[in-house]
There are 2 protein chains.
Amino acid sequence: MNTILSNLKIKVNEKIYVKDPETSPLGKKIVEKSILLIDEIGFDNFTFKKLGEKIGSNESSIYRYFENKHKLLVYLSSWYWSWMEYKLVFATTNIVDPKEKLNKAITIVTEKITDNANTEHINEFILNKIIIAEFTKTVQTKEVDQENKEGFFLIYKRVINRIVGIVKEVNPEYPFPKSLVSTIVEGSLHQHFLTEHLKTITDCNESVSTTEFYLNLAKNVLR
Amino acid sequence: MNTILSNLKIKVNEKIYVKDPETSPLGKKIVEKSILLIDEIGFDNFTFKKLGEKIGSNESSIYRYFENKHKLLVYLSSWYWSWMEYKLVFATTNIVDPKEKLNKAITIVTEKITDNANTEHINEFILNKIIIAEFTKTVQTKEVDQENKEGFFLIYKRVINRIVGIVKEVNPEYPFPKSLVSTIVEGSLHQHFLTEHLKTITDCNESVSTTEFYLNLAKNVLR
DNA sequence: GCAAATATAATAGTATTACTATCAATAACG
DNA sequence: CGTTATTGATAGTAATACTATTATATTTGC
């Protein structure tokens with residue numbers, strides 16, 4: 001899979017950026033180093049000025065790619081969920097048994113990323129850390145309805161609904177497939193966060209356990 | 001219950017504030033109006049200057065109560081979860097059957113607040129809206145470990161673990177009680193958010209449905 | 001190979017945010 | 001009635017979140 005992914009260009013909604021960062025070395029550097037810097041100091045403390053210093057480039061140059069740091073985070077999230085979608089499709093095609101397919105899908109979206117799947121300038125391991133720590137901030141803003149209308153969260157919603165399709169195959173009678181999947185996807189990010197920071201309210205302790213919890217949950221709910 | 005609650009003073013960790021807002025009219029006004037203003041413009045756009053204008057008071061006076069807006073939000077959250085804890089305790093004492101007790105508990109924490117339980121200066125209906133929209137921001141910061149050590153999230157964790165106790169009564173064999181409860185509590189806030197803003201990835205549409213979904217989920221998982 | 005177009009860097013500047021400090025005015029309390 | 005605590009007003013600083021302008025590279029198209 002690695003080789004396939006390394007050749008694949010992940011498409012992100014054009015409205016998210018001013019100029020496509022994939023089209024220039026500086027753009028790629030912005031993406032690459034912003035991931036590292038957000039992980040290092042947190043999104044709240046992250047500024048374009050600090051990023052400029054980090055990449056030896058000018059603040060104003062970064063503004064030519066992204067309007068503001070919020071949009072940059074939306075871009076990184078979109079990239080992440082787009083990447084997830086590819087992983088999902090790859091892992092589930094040709095599997096006939098719906099239950100097995102669902103287990104694969106849940107595993108993909110709930111497991112912690114431990115390896116870096118060699119996309120040249122994007123460190124998936126660290127990007128996953130950012131998504132765990134900051135993803136809800138991309139949607140939880142006053143502008144969510146406007147941005148949703150503009151398609152900023154399309155890929156995320158598509159990932160959810162792809163899994164919803166599998167859930168319906170497993171049990172067409174189950175009345176809450178969408179809520180179940182959005183609970184699993186969002187919830188697993190939250191469980192990873194708790195594992196790291198608020199250990200007393202989670203049973204998950206390594207990468208395996210969060211996935212185990214949700215595999216068990218889905219099995220029980222859909223039988 | 002309303003009358004009991006209106007007499008009750010909810011206790012919040014002293015480290016969260018500079019001066020206890022409950023001890024003065026200005027303090028109460030800060031709490032009251034900050035809830036309205038955060039709901040109105042969102043936490044990201046909320047500033048002490050704007051709040052000062054809104055309450056006809058000086059920015060610097062607000063700083064005498066709260067170090068910064070983050071701490072104010074942590075205060076509001078603590079108040080909210082403390083209130084939840086009271087509601088939980090009231091609704092579940094004297095119920096013998098663990099299953100019934102759990103159903104009551106899940107209902108309390110997952111239902112949308114529709115009435116204002118007459119705490120003089122706090123509008124619980126709007127506070128609930130803020131928690132839905134902004135709660136994760138209180139924990140998802142770079143300072144979470146330090147603040148957790150200082151006990152900023154104690155009440156929240158106590159609410160979770162109180163319900164965990166009931167889950168264990170219902171099914172002592174179930175291996176993930178903490179993750180289940182933290183998924184339900186956090187997840188229900190998320191579902192309420194989706195219902196409001198990203199309707200295509202949730203089945204919940206009114207207050208009832210979110211609770212129904214989680215009641216059903218818990219029943220299936222714990223049988 | 002050179003002109004034209006494009007991308008980047010450097011600098012400056014503005015409005016807002018997130019505070020801190022100081023001092024005067026007022027209210028509360030014993 | 002005087003002390004103390006509380007609030008208000010003003011000022012000031014450093015950082016943030018940008019925008020605008022101009023100079024300098026770099027690319028590319030003919």
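Protein chains get the first letters and strands the later ones, always in sequence-line order, with residue 1 at the start of each.
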Please state how far atom CZ in A:Arg64 lies from atom C1' in D:dT19, giving the value in whole angstrom units.
-> 11 Å
Which nucleotide sits closest to the side chain of B:Thr47: D:dA17, C:dT17, D:dG8?
-> C:dT17
Under 4.0 Å between a Lys/Arg side-chain N and an Asp/Glu carboxylate O for B:Asp44 and B:Lys137?
-> yes
Minimal heavy-atom distance between B:Thr136 and B:Glu186, with the atoms involved, is CG2-OE2, 3.1 Å
Looking only at side-chain N and O atoms, does A:Lys29 come under 4.0 Å of OP1 or OP2 in C:dA7?
-> no
Using a cut-off of less than 4.0 Å, is there contact between a side-chain N or O of A:Tyr63 and OP1 or OP2 of D:dA20?
-> no
Closest of C:dA21, D:dT16, D:dT7 to the B:Ser61 side chain is D:dT7
Minimum-distance nucleotide (side-chain atoms of B:Asn58 versus C:dT11, C:dA7, D:dA9) | D:dA9
Tell me what B:Glu67 touches on the nucleic acid: a base, only sugar-phosphate, or nothing, going by heavy atoms under 4.0 Å.
-> sugar-phosphate
Please state how far atom CZ in A:Phe66 lies from atom P in D:dA17, giving the value in whole angstrom units.
-> 16 Å
B:Ile62 has an atom CD1; how far is it from atom C1' of D:dT6, in whole Å?
-> 15 Å
Determine: side-chain N/O of B:Tyr65 to OP1/OP2 of D:dT7, distance under 4.0 Å, yes or no.
-> yes
Between A:Phe135 and A:Tyr156, is a ring-ring contact (aromatic ring centres under 6.0 Å, His included) present by the stated rule, with each step listed?
-> CA-CA 11 Å; A:Phe135 175 61; A:Tyr156 176 63; 4.8 Å; yes
Inspect the contact between B:Glu40 and B:Lys54 and indicate whether a charged nitrogen and a carboxylate oxygen are less than 4.0 angstrom apart.
-> yes
Within the structure, does a side-chain N or O atom of B:Lys19 lie under 4.0 Å from either OP1 or OP2 of D:dT6?
-> yes
Select base, sugar-phosphate, or nothing to describe what A:Lys49 touches, counting heavy atoms under 4.0 Å on all strands.
-> nothing
What is the distance, rounded to the nearest whole Å, between atom CG of B:Asp44 and atom C1' of C:dT17?
-> 13 Å
According to a strict under-4.0 Å criterion, is B:Ser24 in side-chain N/O contact with OP1 or OP2 of D:dT7?
-> yes
Value in whole Å for how far the C1' atom of D:dG8 lies from CD of B:Glu53 = 15 Å
Grab the CG-C1' distance between B:Leu51 and C:dT16 for me, whole Å please.
-> 17 Å
CD of A:Glu59 versus C1' of D:dT16: gap in Å, rounded?
-> 9 Å
How long is the span from the CD1 atom in B:Ile55 to the NZ atom in B:Lys50, to the nearest 0.5 Å?
-> 15.0 Å
From the options D:dA9, C:dT17, C:dA10, select the nucleotide whose nearest atom is closest to the side chain of B:Ser60.
-> D:dA9
Report yes if a side-chain nitrogen or oxygen of B:Lys50 is closer than 4.0 Å to either non-bridging phosphate oxygen (OP1 or OP2) of C:dT17; otherwise report no.
-> yes
Starting at atom CG of A:Asn45, determine the distance to atom P of C:dT17, rounded to an integer number of angstrom.
-> 18 Å
